[in-house]
Amino acid sequence: MNNHTFGFTKEDPWRIFRIMAEFVDSFETLSEVGPSVTIFGSARTARSDPCYKTAVELGRGLARHNLAVITGGGPGIMEAANKGAAEGKGRSVGLNIELPFEQKPNRYANVPIHFHYFFCRKVCFVKYSIGFVFMPGGFGTLDEFFEILTLVQTQRIPRFPLILFGRGYWRGLIQWMRTVLEKQRFINPDDLELLTVTDDVGETIDLIVDYQRRVSTPDTHPKVLA
């Protein structure tokens, strides 16, 4: 056994303990937060951008309905949503991830949680949310969008509201899914009915509040997290 192999063998068991610690700490904190909505969006959105101001309004509106706001904890849209939730006197959760660039925790998350592992963070987005809003963003936003959409489509989690905010931004992707994925039968025609596309903050909040009213807060964990 060479030194490299020996080092790898020694390292992996300790990595498991770090993963466990991230889950234990985050589960313990988030279990006390209450019904939450996760808002995704670009870390690169400037504070002068209309999307930033809209995310602030959205976060504030959700907080006024006693819904916690969860974001990735970084700048841009994440900062805006956390800011709105904090200004609305609500719980503003930031699930920050350690990255070499872009991702620095914003100051508006009054419930900050720090992660080293992406997959631990992703579990927490899904486990503690009753709705998801996807604002304009890059690879990270698209990654979360397709992952959560797949979990709903395969019935691994409940049919939570999945809201694509910004018709102009999402139009091309929706059109591609209709003309390519649906046409070639890679998805069912009704799969796209799992999504709501809107430009309206009030409609977004109403959809989530209505869902909460109809189903209340789930007493059991989704299948994928059980």
Side-chain angles (χ1 to χ4, degrees), residues 30 33-97 99 102-113 115 121-122 124-126 128-149 160-174 195-212:
L30 290 168
V33 168
S36 305
V37 176
T38 293
I39 300 175
F40 297 104
S42 176
R44 304 184 186 189
T45 303
R47 291 172 182 168
S48 58
D49 192 300
C51 282
Y52 185 98
K53 298 173 184 178
T54 299
V56 172
E57 182 183 354
L58 178 58
R60 188 185 297 120
L62 290 168
R64 288 173 178 167
H65 283 85
N66 202 34
L67 290 165
V69 170
I70 299 176
T71 79
I77 294 295
M78 296 174 280
E79 175 186 289
N82 282 139
K83 178 180 180 182
E87 289 179 351
K89 310 299 181 186
R91 290 145 297 180
S92 179
V93 183
L95 307 185
N96 192 60
I97 186 77
L99 294 177
E102 280 190 355
Q103 186 77 11
K104 294 182 180 179
N106 70 69
R107 61 191 178 93
Y108 298 104
N110 52 39
V111 185
I113 305 175
F115 291 87
R121 180 178 182 241
K122 286 177 134 187
C124 290
F125 282 135
V126 177
Y128 293 99
S129 298
I130 63 168
F132 303 88
V133 181
F134 304 90
M135 299 194 71
F139 288 155
T141 301
L142 293 173
D143 172 52
E144 299 290 358
F145 165 61
F146 280 112
E147 181 164 1
I148 294 170
L149 176 58
F160 296 123
L162 305 180
I163 301 167
L164 298 178
F165 197 98
R167 292 181 184 276
Y169 181 81
W170 295 105
R171 184 179 296 118
L173 179 61
I174 296 295
L195 306 171
T196 299
V197 186
T198 185
D199 289 314
D200 191 301
V201 170
E203 181 185 8
T204 300
I205 295 171
D206 287 345
L207 285 167
I208 295 169
V209 170
D210 180 64
Y211 175 83
Q212 183 188 26

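Along the sequence shown, residues carry numbers from 1.
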Quiz item: Which is it for Glu79 and Tyr52 under the side-chain hydrogen bond (donor to acceptor under 3.5 Å, both in side chains) test, yes or no, and what are the steps along the way?
Solution: CA-CA 8 Å; Glu79 175 186 289; Tyr52 185 98; 2.5 Å; yes
Quiz item: Just how far is it from atom OG1 of Thr141 to atom CD1 of Ile77, taken to the nearest 0.5 Å?
Solution: 8.5 Å
Exercise. State, yes or no, whether a side-chain contact exists between Asn106 and Pro75 at a heavy-atom distance under 4.5 Å.
Key: no
Self-check item: Nearest heavy atoms of Met78 and Ala43, plus distance in Å
Solution: CE-CB, 3.6 Å
Self-check item: Closest non-hydrogen atom pair between Val69 and Gly59, with its separation
Solution: CG2-O, 3.9 Å
Quiz prompt | Euclidean distance, Cys51 SG relative to Tyr169 OH, rounded to 0.5 Å | solution = 9.5 Å
Practice problem: Determine whether Val33 and Tyr128 make a side-chain contact, defined as any pair of heavy atoms from C-beta on separated by less than 4.5 Å. | Solution: no
Quiz item: Is the ring centre of Phe160 less than 6.0 Å from the ring centre of Tyr211?
Solution: yes
Quiz item: Atom CG in Asp210, atom CG in Asp206: separation rounded to 0.5 Å?
Solution: 8.0 Å
Practice problem: On the 0 to 90° scale, with breaks at 30° and 60°, tag the Trp170-Phe134 ring pair as parallel, tilted or perpendicular. | Solution: perpendicular
Self-check item: Sub-4.5 Å side-chain heavy-atom contact between Ile174 and Leu164
Solution: yes
Quiz item: Rounded to the nearest 0.5 Å, what separation is found between the CZ atom of Arg47 and the NZ atom of Lys83?
Solution: 7.5 Å
Self-check item: CG-CD1 distance between Asp143 and Ile148, expressed to the nearest 0.5 angstrom
Solution: 9.0 Å
Quiz item: Do the side chains of Glu144 and Phe125 get nearer than 4.5 Å, heavy atoms only?
Solution: yes
Quiz prompt | Side-chain heavy atoms of Phe165 within contact of Thr54, under 4.5 Å | solution = yes
Practice problem: Please report the closest heavy-atom contact between Ile39 and Ala81, naming both atoms and the distance. | Solution: CD1-CB, 3.8 Å
Quiz item: Can you find a side-chain donor-acceptor pair between Asn110 and Ser92 that sits under 3.5 Å?
Solution: no
Practice problem: Count the heavy atoms belonging to other residues, nucleotides or ligands that lie under 6.0 Å from CZ of Arg167, then report whether that count exceeds 12. | Solution: yes
Quiz item: Is the side chain of Arg60 donor-acceptor paired with the backbone N or O of Glu87 at a distance under 3.5 Å, no angle test?
Solution: no
Quiz prompt | Min side-chain heavy-atom separation Ile113-Phe115 under 4.5 Å | solution = yes
Quiz item: Any sub-3.5 Å donor-acceptor pair from Asn82's side-chain atoms to Ala109's backbone N or O?
Solution: no
Practice problem: Would you please name every residue forming a side-chain hydrogen bond (donor to acceptor under 3.5 Å, both in side chains) with Asn66, sequence neighbours left out? | Solution: Arg91
Exercise. Please list, chain by chain and in numerical order, all residues satisfying side-chain hydrogen bond (donor to acceptor under 3.5 Å, both in side chains) with Thr204, sequence neighbours excluded.
Key: none
Quiz item: What are the two closest heavy atoms between Ser129 and Ile70, and how far apart are they?
Solution: OG-CD1, 3.9 Å
Self-check item: Contacts of type side-chain hydrogen bond (donor to acceptor under 3.5 Å, both in side chains), residue Thr196, not counting sequence neighbours
Solution: none
Quiz item: Taking all atoms of both residues into account, what is the closest heavy-atom pair of Ser42 and Arg44, and its distance?
Solution: OG-N, 2.9 Å
Quiz item: Quick one: does Leu30's side chain get under 4.5 Å of Cys124's, heavy atoms only?
Solution: yes
Exercise. Check whether any side-chain heavy atom of Ile208 lies under 4.5 Å from a side-chain heavy atom of Val133, and answer yes or no.
Key: yes
Practice problem: Can you measure from NZ (Lys53) to OG (Ser48) and round to the nearest 0.5 angstrom? | Solution: 7.0 Å
